[in-house]
Amino acid sequence: MSKFFYHFWQNFKEFLVLIFLIIVSLYLITLDSSAKTQKLRAMVFSSLAIVNSVLSDIFDSEDLKEDNERLRETNAELMLQLSKLRKDALLIEQLKNSLALKDTSKLQLLSSRVVSRFINNLQETVTIDLGKSDGVEIGMPVISDKGLVGIVFSVSDDFAIVKTLRNNSLNLTVKAERTGEHGVLKWKSNSLRIINVPKTYQIKKGDRIVISELSSIIPVIVPVGVAHSMENLETGIFNEIVVIPYVDFNKVEYVFVIPVVASKEIRNLELNLLKKFK
Amino acid sequence: MKNTSLIPFLFLVPVLILQVSLIPFLSLNGISPDLVLILLVFYTIRNNQMYGTITGFIFGGISDLVFGTILGSSMIAKTVSGFIAGYFSSENKRDEYLTPINFGLIIFLIGIIDNSIFAFFSSFDLSENFISSLLTNTILKSVYTSVLSILMIIVIPKRRMFE
């Protein structure tokens, strides 16, 4: 019997190892978002990010870097204020009460530098030089002076991985600023799309697309991009709207983390509500 | 005879650094070459199938952790890639497979398999246009990786390659 197994192993060892490793990989896919995996990921990517950070520091002029950082921060703050003002203007036009609006202009911004980026048409990520020690947490939105970049996905002490909008595992609730129509934004077929849009929607080419106040991931209204074209006009009951993002993900170097996590905000609100009725 | 089986692991760190620092500047419309695949295939051809399968598994796992992709997606793709690259590790044909054109073609073939498996496990979406997805996510990326691999094999001194 043992001879049979010995011969079997000798003849098929490559296949047996392949099958075993595939099974292990499949099992690991199910553990992707577990706490242990996040810890391991943080440890591994931060080691590499340190090297990248040192390398990019060498090529950066310190003075220019500081000036740029300050200007970009100002730009980002102005972008948020502009976004809010546009929204206010639309609401006033529609004679709605704007008192309940969230004041995004007072949000604190944590400025950061992109130390490395993983370019991929399916799961693009960037690594930034802010981490737990700076107050960054998983789920925090990341913006540039142009608009939304993505959300924090994994954090080590000094670095964080950000899933950009060019990542098919990121679905965000957005709305067209002009019409107020909501939809789900997704990276699909190598473009950013609002999917399952009813044919009755009035979104037109050139409409600004911003994060919706209904978003459970990003609690701040941030511009995302501009509606470019409508697809699937003939088939099915839904359309898809192609959105051109404001941010050029290949060129973005300085970003800002908004230190708020949507789920925490919702949780606090719910707790406050519970306290009120006790 | 020197034990060279650990050499690719020494090269892995610089290759990962290049992948996230230099390669983004070479990307064309989101399509970028895969340096880890080139390293894996090159050293699998120089060793054997078992070595390629295990090395692919380790390289894929580290790539998933470093790049923030779904843990296991690149791991499974690189494991299969290493296994297939092992078919080109026959001792009497090794030198032939490591000539620029042959190596480029091998990288292209394995690149298609690697990218298809990665795409399947990281973004399985039936509503996507399959042909368009196949073209951009697998074929074009494989062509780019293949071209880069040809340039690299030309640059590597022959004496080092076959030592």
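Below, each value reflects all heavy atoms present in this structure, side chains not excepted, and no hydrogens, waters or symmetry copies.
With a 4.5 Å cut-off on non-hydrogen atoms, A:K13 touches chain B through its backbone and its side chain both. Proximity to chain B (any heavy atom under 4.5 Å) is shown, for A:I22, by both the backbone and the side chain. Heavy atoms closer than 4.5 Å to chain A are found nowhere in B:I23, neither backbone nor side chain. Interface remark: A:N120 contributes backbone and side-chain atoms alike to the contact with chain B (heavy atom separation under 4.5 Å).
Note: B:I54 CD1 to A:F20 CZ = 10.0 Å, rounded to the nearest 0.5 Å. With rounding to the nearest 0.5 angstrom, the CG atom of A:L16 is 8.5 Å from the CE atom of B:M50. Between A:S47 atom OG and B:L16 atom CG the span is 11.0 Å, to the nearest 0.5 Å.
Between chain A and the residues B:G52, B:S21, B:P24, the most heavy-atom pairs under 4.5 angstrom are made by B:P24. Looking only at heavy-atom pairs under 4.5 Å with chain A, the residue among B:V20, B:V80, B:I17 that has the most is B:V20. The candidate from B:I31, B:V66, B:L71 with the greatest count of non-hydrogen atom pairs under 4.5 Å with chain A is B:L71.
Counting only heavy atoms from C-beta outward, the side chains of A:E14 and B:T53 never approach each other to under 4.5 Å. Put simply, the side chain of A:Q123 reaches to within 4.5 Å of the side chain of B:F118, judged on heavy atoms. Under the 4.5 Å side-chain criterion, counting only non-hydrogen atoms from C-beta, B:T69 is in contact with A:F118. Looking only at side-chain heavy atoms (C-beta outward), A:L48 and B:V13 come within less than 4.5 Å of each other.
Among all heavy-atom pairs drawn from A:T125 and B:F67, the shortest one is OG1-O, 2.5 Å. The nearest pair of heavy atoms linking A:S25 to B:T79 is OG-OG1, 4.4 Å. Between B:D64 and A:R41 the shortest heavy-atom distance is O-NH1, 3.0 Å. In terms of heavy atoms, A:F153 sits closest to B:G68 at CE2-O, 3.4 Å.
Counting heavy-atom neighbours within 6.0 Å of B:I101 CD1, excluding the residue itself, gives a total of 12 or less.
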Verdict with supporting geometry, B:F57 and A:V24, side-chain contact (heavy atoms from CB on, under 4.5 Å)
CA-CA 10 Å; B:F57 178 78; A:V24 172; 3.6 Å; yes
Report the C-alpha distance between A:S169 and B:I70 in whole Å, list the side-chain angles of each, state the deciding distance to 0.1 Å, and finish with yes or no for side-chain contact (heavy atoms from CB on, under 4.5 Å).
CA-CA 9 Å; A:S169 59; B:I70 296 170; 5.5 Å; no
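A donor-acceptor pair under 3.5 Å links the side-chain atoms of B:S32 to the main chain of A:I119, judged by distance alone.
Aromatic ring orientation, A:F15 versus B:F83: perpendicular (interplanar angle above 60°, classes split at 30° and 60°).
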